[in-house]
Amino acid sequence: MERLVDTRARPLRSLRLSVTDRCNLRCAYCMPEEEYAWLGRDTLLTFEELHRLARRFQALGVNRLRLTGGEPLLRRELHVLVRLLAGLGLADLALTTNGLLLAEQAQALKAAGLGRLTVSLDTLRPGTFKQLTRRDRLEDVLRGIGAASDVGFGPELKLDTVVLAGVNDDELIDLLAFARERRAEVRFIEYMDVGGATRWSRSQVVSRQQILQTIERANGRAEPLPGRGSEPAERFRLADGTTFGIIASTTAPFCGACDRARLAANGTLLLCLYASQGLDLRTPLRAGVSDEALDGLIRGAWLGRTARGAEDRLALEGLRGPSRALDELRRAPLLEMHTRGG
Ligand code: SAM
Ligand code: SF4
């Protein structure tokens with residue numbers, strides 16, 4: 001296996017594979033608009049194509065893979081893809097989902113070899129859920145989380161919460177307690193000005209520091225845990241043993257340790273969540289390119305990688321607003337968080 005490093009000496013280690021740009025929620029921080037431009041169905045990579053690309057990335061150093069979207073559980077027969085990918089023997093095979101369809105699929109995903117599961121859960125209040133996602137489906141998410149614990153995802157279960165001022169920032173302690181009861185771990189995420197977050201404003205961001213203050217005020221000191229490595233989340237432990245994470249991409253970016261490539265569902269390789277451009281791998285793939293040539297394309301992209309999107313955004317400080325205008329997103333849907341695979 002190669003050890004590729006980019007221009008900032010960052011190795012290629014992890015891959016986020018988006019399997020669809022479709023979603024069954026409309027989260028205010030991700031898809032606030034009424035209308036979207038979708039990727040053409042025939043441009044979505046097949047399971048065989050996704051598997052082949054995952055193998056090439058593995059040969060170039062990737063040992064952690066996460067399936068995402070859009071909502072990945074909308075992709076029909078997803079467990080079949082999971083089984084194919086599990087056969088690669090990667091150190092980590094994970095999935096991020098909004099949980100709506102999880103109750104029906106948890107068993108099949110576990111049986112197919114999925115290692116870890118992250119469910120997005122921003123609130124425990126049905127009214128807030130409906131306001132935030134434009135769908136009245138909190139019950140389904142909670143059933144999904146229950147099913148995931150029942151089939152044995154247990155300690156490998158994470159709950160991701162985007163914290164928004166005035167929306168769910170009064171629920172941090174309840175979410176911690178909810179997770180503790182299910183032996184899951186919450187990760188509080190700062191609201192990011194990614195493409196798609198067209199309503200982003202600095203005033204709605206609840207910072208890492210504010211999140212920690214709220215938790216420590218209620219639960220006592222949160223001790224930082226060592227061993228973060230290239231993980232986006234900083235982890236903490238409370239006196240009662242509860243652990244939680246904070247992902248502070250907005251106020252304390254971790255670009256310097258970012259070892260992550262992303263593949264949009266149409267086979268576009270993106271080297272940063274904020275990247276304006278990607279590299280089309282679908283066209284060569286469908287033209288019958290050899291493994292060596294595919295490796296060359298990926299290798300070349302990674303060697304030239306300079307990405308530091310979140311740091312660049314932070315440098316704007318007071319001038320910060322949504323990173324992409326709506327008309328730009330309409331013209332180039334790949335700039336959307338839900339299309340490139342958040
Ligand atoms: N649909 C799945 C889900 O929601 O878990 C997977 C895709 S979603 C784009 C992946 C993650 O991105 C979710 O945890 C979501 O909360 C997060 N996300 C989306 N927009 C965000 C934003 N503006 N700031 C921070 N996190 C965001
Ligand atoms: Fe919400 Fe995930 Fe769908 Fe975005 S892709 S609207 S975060 S469920």
Side-chain angles (χ1 to χ4, degrees), residues 16-34 36 38-39 66-75 78 94-102 105 116-123 129-135 137-138 140-141 144-145 148 157-165 167-169 175 185-202 204-208 211 232-233 245-253 260 262-265 270 273-274 309-310 313 320-324 329 333-342:
R16 287 179 87 103
L17 214 54
S18 172
V19 294
T20 180
D21 60 335
R22 308 309 202 260
C23 193
N24 42 11
L25 290 184
R26 288 291 179 272
C27 301
Y29 47 73
C30 180
M31 300 186 75
E33 306 303 328
E34 293 299 327
Y36 283 94
W38 304 106
L39 298 177
R66 180 173 291 274
L67 295 170
T68 182
E71 174 45 38
L73 300 191
L74 284 175
R75 181 80 188 241
L78 186 71
L95 169 86
T96 300
T97 172
N98 64 25
L100 254 59
L101 301 172
L102 189 55
Q105 297 188 33
R116 293 192 305 127
L117 192 61
T118 300
V119 183
S120 298
L121 179 70
D122 299 324
T123 176
F129 187 91
K130 191 172 172 195
Q131 178 203 339
L132 199 55
T133 67
R134 303 217 305 264
R135 307 285 186 269
R137 304 280 302 268
L138 177 62
D140 294 316
V141 181
I145 292 171
L157 184 61
K158 297 224 163 44
L159 302 177
D160 273 8
T161 302
V162 180
V163 187
L164 298 178
V167 177
N168 63 347
D169 53 343
L175 284 159
E185 185 171 295
V186 191
R187 291 164 349 151
F188 297 109
I189 305 176
E190 288 180 351
Y191 184 15
M192 294 170 70
D193 53 351
V194 286
T198 46
R199 314 282 156 91
W200 189 90
S201 78
R202 181 65 183 80
Q204 265 214 298
V205 176
V206 182
S207 69
R208 166 193 184 281
I211 293 170
I246 300 183
I247 301 182
S249 323
T250 302
T251 68
R260 188 168 306 168
R262 306 185 128 76
L263 200 62
L270 295 152
L273 195 47
Y274 287 90
R313 297 296 306 164
R320 229 168 153 174
S323 62
R324 304 285 178 189
L329 294 169
L334 267 175
L335 296 170
E336 298 270 6
M337 177 78 153
H338 70 272
T339 308
R340 54 182 47 197

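Each ligand, and each atom within it, is numbered from 1 in the order the structure gives. Please read all numbers here as calculations on a predicted model, not as lab measurements. Numbers for residues simply follow the sequence, beginning at 1.
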> Does the protein put a heavy atom under 4.0 Å from atom 8 (S) of ligand 1?
Replying inline: no
> Which heavy atom of the protein is the closest neighbour of atom 20 (N) of ligand 1, given with residue, atom name and distance?
Replying inline: Tyr29 CD1, 3.3 Å
> Taking atom types as modelled, is there a side-chain donor on Thr97 or Glu71 under 3.5 Å from an acceptor on the other?
Replying inline: yes
> Which residue and non-hydrogen atom of the protein lie closest to atom 27 (C) of ligand 1, and at what distance in Å?
Replying inline: Met337 CE, 3.8 Å
> Considering only the protein, which heavy-atom contact is closest to atom 24 (N) of ligand 1, and what is its distance?
Replying inline: Met192 N, 2.9 Å
> Is the closest N or O pair between Gly70 and ligand 1 shorter than 3.5 Å?
Replying inline: yes
> Can you name the closest pair of heavy atoms from Leu78 and Pro72 and give their distance?
Replying inline: CD2-O, 3.7 Å
>> Please enumerate all residues that pass salt bridge (Lys or Arg N to Asp or Glu O under 4.0 Å) together with Arg260, with sequence neighbours excluded.
In response: none
> So, Thr250 versus Arg320: side-chain donor-acceptor pair below 3.5 Å or not?
Replying inline: no
>> Would Asp122 count as a polar contact of ligand 1, with the cut-off being nitrogen or oxygen pairs under 3.5 Å?
In response: no
>> For residues 20-30, which residue pairs pass the side chain to side chain donor-acceptor pair (under 3.5 Å) check, not counting sequence neighbours?
In response: Asn24-Asn98, Tyr29-Asp122
> With Asp160, which residues qualify under salt bridge (Lys or Arg N to Asp or Glu O under 4.0 Å), at least two apart?
Replying inline: Arg187
> Under 3.5 Å, is there a donor-acceptor pair between the side chain of Arg137 and the main chain of Lys130?
Replying inline: no
>> One residue to check: Thr96. Relative to ligand 1, which of side chain, backbone, both or neither has a non-hydrogen atom less than 4.0 Å away?
In response: both
> Among protein heavy atoms, which sits nearest to atom 14 (O) of ligand 1, and what does the distance come to when rounded to 0.1 Å?
Replying inline: Ser120 OG, 2.8 Å
> Excluding waters, how many protein N/O/S atoms sit closer than 2.8 Å to atom 1 (Fe) of ligand 2?
Replying inline: 1
> Is His338 near ligand 1, meaning one of its heavy atoms is under 4.0 Å from it?
Replying inline: no
>> With rounding to the nearest 0.5 angstrom, report the CG to OG1 distance, Leu95 to Thr118.
In response: 8.0 Å
> For Tyr191 and ligand 1, does the shortest N/O to N/O distance drop below 3.5 Å?
Replying inline: no
> With a cut-off of 4.0 Å, which atoms of ligand 1 are near a heavy atom of Thr68?
Replying inline: 6 (C), 7 (C)
> About how many Å separate NZ of Lys158 and OG1 of Thr96, when rounded to the nearest 0.5 Å?
Replying inline: 10.5 Å
>> Once rounded to the nearest 0.5 Å, what's the spacing between atom CD1 of Ile145 and atom CG of Leu159?
In response: 5.0 Å
>> Give me the nearest non-hydrogen protein atom to atom 26 (N) of ligand 1 as residue plus atom name, then the distance to 0.1 Å.
In response: Val162 CG2, 3.5 Å
>> With nothing but distance in play, are any N or O atoms of Thr97 less than 3.5 Å from an N or O of ligand 1?
In response: yes
> Does the N or O separation between Ala197 and ligand 1 drop below 3.5 Å for any pair?
Replying inline: no
>> As an exercise, identify every atom of ligand 1 less than 4.0 angstrom from a heavy atom of Glu71.
In response: 1 (N), 2 (C)
> Short question: side chain of Glu190, backbone of Arg208 - any donor-acceptor pair under 3.5 Å?
Replying inline: yes
>> Minimum heavy-atom separation for Ala197 and Met192, please, with both atom names.
In response: CB-O, 3.6 Å
> For Leu73, does its backbone N or O pair with a side-chain atom of Gln105 as donor and acceptor, under 3.5 Å?
Replying inline: yes
